[in-house]
**Q** 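Supplied in structure tokens, the structure appears directly below.
Note that the numbering runs from 1 along the sequence shown for the chain. Computed over heavy atoms, backbone and side chain alike; hydrogens, waters and symmetry mates excluded.
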Amino acid sequence: MKKVIAWSLWDWGSAAFNAVIITFVFSVYLVDGVGDDLPGPISASTWYGWAIGAGAFVIAISAPALGQRSDARGRRKRTLALLTGLVVTLTAALFFVEDDYHYLWFGLLLVSVASIAFELAQVPYFAMLRQVSTPDNVGRISGIGWAFGYLGGIVLLLICYFGFITGDGGILGLSTDNGWNIRLVALVAAAWFLVFAIPLFFAVPELPASATPDSADVGFIESYRVLWRELKAMWAGDRDVLRFLIASAFYRDGLSGVFTFGGILAVSVYGIDAADVILFAIAANVVSAAGAWVAGYFDDSWGSRRVVVASLVSMLVVAVVLLFVSGPLMFWIFGLALCLFVGPAQAASRTYLTRATRTGKEGQNFGLYAMTGRAASFMAPSLFGLFVLIGGADRWGILGIMIVLGIGLALLLRVPELAHADDDRFSGESHGDGVR
């Protein structure tokens with residue numbers, strides 16, 4: 001139990017970066033504050049999008065090799081520690097981004113590099129799931145970790161919103177001159193991540209190196225050749241993992257689209273007041289966390305693939321209803337119903353890949369998981385925009401998200417379910433002492 005809590009607390013702490021820096025607080029400050037009077041024809045929001053996009057490209061090309069090297073050298077925890085420290089340092093450095101467009105480039109650089117480090121850190125972190133679980137409870141542990149992530153972000157967001165932001169400097173009455181209150185939020189987010197990440201490094205042991213000598217000491221460029229050999233071997237003897245990676249790339253992009261465009265749809269289609277969107281976002285994250293936690297139990301008894309399939313089918317049914325209903329009440333009901341199945345699909349996907357991966361290849365495969373996810377990340381936004389254009393209203397963008405989810409579901413149906421206690425894959429020293 002100690003390992004499980006320590007591992008889950010990293011997710012709780014890391015939500016500070018996603019919720020506060022990337023999604024709700026600091027990104028808004030960069031675009032609407034720091035870059036508000038940026039001269040020239042290119043807006044601050046465009047520069048922000050390009051900076052995040054450049055980071056996504058770096059993640060896609062580096063994540064698999066990073067995962068392969070951490071497996072080969074038995075440095076999974078060390079890799080996670082270095083990347084976590086980098087994210088914390090860069091997040092804290094955002095304190096020096098003043099409310100002046102001359103600081104925009106510094107802020108964009110910090111956020112872009114931090115987003116790269118954060119996404120890469122998730123590769124060894126996801127790979128550690130096997131170290132804190134057993135074949136019988138890996139679904140529950142994954143669900144608990146994902147729920148911790150959702151809830152940690154919401155708790156910190158509420159602290160920052162009411163303590164530092166709402167009104168004029170929050171209930172603490174902080175100065176808002178030169179972005180002081182928002183810059184302090186960056187320090188709080190960095191400290192939050194650091195404090196809650198530390199237990200993992202004491203409670204979860206490092207794994208021994210699993211690679212053969214020729215792959216343990218290769219350089220970074222050579223590690224891509226090793227990865228290519230591993231991919232060819234996977235195609236020859238473990239093709240279902242590749243099929244799953246492709247299928248999940250589609251539906252995970254659809255899952256992201258639910259949160260990316262949920263706020264837009266809430267205001268423009270269902271008439272929710274813009275000030276209430278953050279309340280819906282909080283409720284949506286709580287519901288997703290509850291779904292992930294409960295679905296973990298079904299994951300261990302039904303199988304990960306069945307949980308993902310059931311979640312995607314349920315989301316498509318709810319999305320059809322959302323296409324035809326109107327008004328804030330209907331969006332609160334069916335929008336939250338949609339979010340209820342997002343957490344289970346995300347957590348069970350991580351579980352499936354853990355079960356499908358042979359011992360010692362976790363970092364490599366979760367690196368591929370990150371790469372394929374980034375490679376497919378353009379689909380939901382593109383189809384959302386296309387159907388809005390065709391239909392002439394934001395409501396029809398829901399169809400674009402449904403198509404991406406549907407393609408992922410169709411591809412996933414071609415992937416076999418795994419036995420939940422596949423000792424051939426889930427074996428050796430990778431077993432943890434998770435909750436039973």
Side-chain angles (χ1 to χ4, degrees), residues 3-4 6-8 10-11 63-64 66-68 70-71 76-77 79-80 121-149 200 204-207 210 230 234 238 240-249 251-252 292-293 295-309 311 343-373 412 415-436:
K3 291 180 182 179
V4 174
W7 179 78
S8 299
W10 190 97
D11 230 338
L66 176 77
Q68 185 273 328
S70 66
D71 288 340
R76 187 175 294 164
K77 189 166 71 171
T79 301
L80 180 60
Q122 289 190 313
V123 173
Y125 174 72
F126 283 7
M128 281 184 172
L129 174 58
R130 182 169 284 174
Q131 293 167 242
V132 298
S133 63
T134 70
D136 292 326
N137 65 25
V138 61
R140 277 175 286 166
I141 304 307
S142 181
I144 289 170
W146 216 281
F148 266 57
L200 178 149
V204 182
E206 183 64 275
L207 282 183
S210 62
E230 293 286 350
M234 190 184 296
D238 212 5
D240 289 333
V241 173
L242 289 178
R243 290 194 179 103
F244 171 76
L245 290 171
I246 294 170
S248 71
Y251 69 71
R252 282 188 290 138
W293 193 304
Y297 291 87
F298 292 100
D299 189 328
D300 289 326
S301 57
W302 291 358
S304 308
R305 175 183 167 277
R306 291 188 181 95
V307 170
V308 178
V309 168
S311 298
Q346 291 173 322
S349 296
R350 178 167 66 184
T351 308
Y352 184 94
L353 187 55
T354 298
R355 288 194 175 113
T357 298
R358 298 192 179 280
T359 301
K361 302 298 182 185
E362 296 91 349
Q364 170 187 285
N365 283 1
F366 276 109
L368 292 169
Y369 189 70
M371 181 190 75
T372 53
L412 185 62
V415 178
E417 184 59 87
L418 295 170
H420 75 276
D422 189 343
D423 293 329
D424 180 55
R425 295 173 184 267
F426 208 136
S427 60
E429 296 185 45
S430 60
H431 282 188
D433 60 352
V435 181
R436 288 184 179 276

**Q** I'd like to check the ring pair (Phe, Tyr, Trp, His ring centres under 6.0 Å) partners of Trp302; sequence neighbours left out, ordered by chain and number.
**A**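 Counting only residues at least two positions away or on another chain, Trp302 forms a ring pair (Phe, Tyr, Trp, His ring centres under 6.0 Å) with Phe298.
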**Q** Check this for me: does any side-chain nitrogen of one of Asp240 and Arg305 sit under 4.0 Å from a carboxylate oxygen of the other?
**A** no
**Q** Quick one: list whatever passes side-chain contact (heavy atoms from CB on, under 4.5 Å) with Leu245, sequence neighbours left out.
**A**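 Scan of Leu245 (side-chain contact (heavy atoms from CB on, under 4.5 Å), adjacent residues dropped) gives Val241, Leu242, Leu353, Leu368, Tyr369, Thr372.
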**Q** Measure the shortest side-chain to side-chain distance between Asp300 and Asp136 over non-hydrogen atoms and say whether it is less than 4.5 angstrom.
**A** no
**Q** Can you find a heavy atom in the side chain of Asn137 that is under 4.5 Å from one in the side chain of Val4?
**A**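 The answer is no; the side chains never approach within 4.5 Å.
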**Q** Measure across Ser311 and Pro344 and return the closest heavy-atom pair with its distance rounded to 0.1 Å.
**A** OG-CB, 3.5 Å
**Q** Closest heavy-atom contact between Ala247 and Leu412?
**A**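 So the two residues come closest at CB-N, 3.6 Å.
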**Q** By ring pair (Phe, Tyr, Trp, His ring centres under 6.0 Å), which residues pair with Tyr125, not counting sequence neighbours?
**A**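 Partners of Tyr125 by the ring pair (Phe, Tyr, Trp, His ring centres under 6.0 Å) criterion, ordered by chain and then number, come out as Trp7, Trp10.
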**Q** Please report the shortest heavy-atom distance between Ala347 and Ala292, naming the atom on each side.
**A** CB-CB, 4.4 Å
**Q** Between Met128 and Glu362, is the side-chain contact (heavy atoms from CB on, under 4.5 Å) condition met? List the steps.
**A** CA-CA 8 Å; Met128 281 184 172; Glu362 296 91 349; over 6 Å; no
**Q** What's the spacing between Arg358 CZ and Asn365 CG if we round to 0.5 Å?
**A**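 Answer rounded to 0.5 Å: 10.5 Å.
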**Q** Work out which heavy atom in Ala345 is nearest to a heavy atom in Val308; give both atom names and the distance.
**A**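 Minimum heavy-atom contact is O-CG2, 3.9 Å.
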**Q** List for me each residue that meets salt bridge (charged side-chain N to carboxylate O under 4.0 Å, His left out) alongside Arg350, sequence neighbours excluded, and say none if there are none.
**A**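 Here the qualifying residues are Asp11.
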**Q** Are side-chain heavy atoms of Pro205 and Lys3 found at a separation under 4.5 Å?
**A** yes
**Q** If you round to the nearest 0.5 Å, how far is CD1 of Ile141 from OG1 of Thr354?
**A**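 Going from OG1 on Thr354 over to CD1 on Ile141, the span is 11.5 Å.
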**Q** Using the test side chain to side chain donor-acceptor pair (under 3.5 Å), find all partners of Ser349 that sit at least two apart in sequence or belong to another chain.
**A** Tyr251
**Q** What are the two closest heavy atoms between Glu417 and Gly303, and how far apart are they?
**A**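 Nearest heavy atoms, Glu417 then Gly303: OE1-C, 3.5 Å.
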**Q** Run the side-chain contact (heavy atoms from CB on, under 4.5 Å) test on Arg76 and Gln131 for me, step by step, so that the C-alpha distance in whole Å, both residues' side-chain angles and the decisive distance to 0.1 Å come before the verdict.
**A** CA-CA 11 Å; Arg76 187 175 294 164; Gln131 293 167 242; 2.8 Å; yes
**Q** Hey, does Asp299 have a side-chain heavy atom less than 4.5 Å from the side chain of Tyr352?
**A** no
**Q** Under the side chain to side chain donor-acceptor pair (under 3.5 Å) rule, collect the residues that match up with Arg306, sequence neighbours excluded.
**A**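 For Arg306, no residue satisfies side chain to side chain donor-acceptor pair (under 3.5 Å) once neighbours in sequence are set aside.
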**Q** Let me see the working for Thr351 and Val307 under side-chain contact (heavy atoms from CB on, under 4.5 Å), right down to the final yes or no.
**A** CA-CA 10 Å; Thr351 308; Val307 170; over 6 Å; no
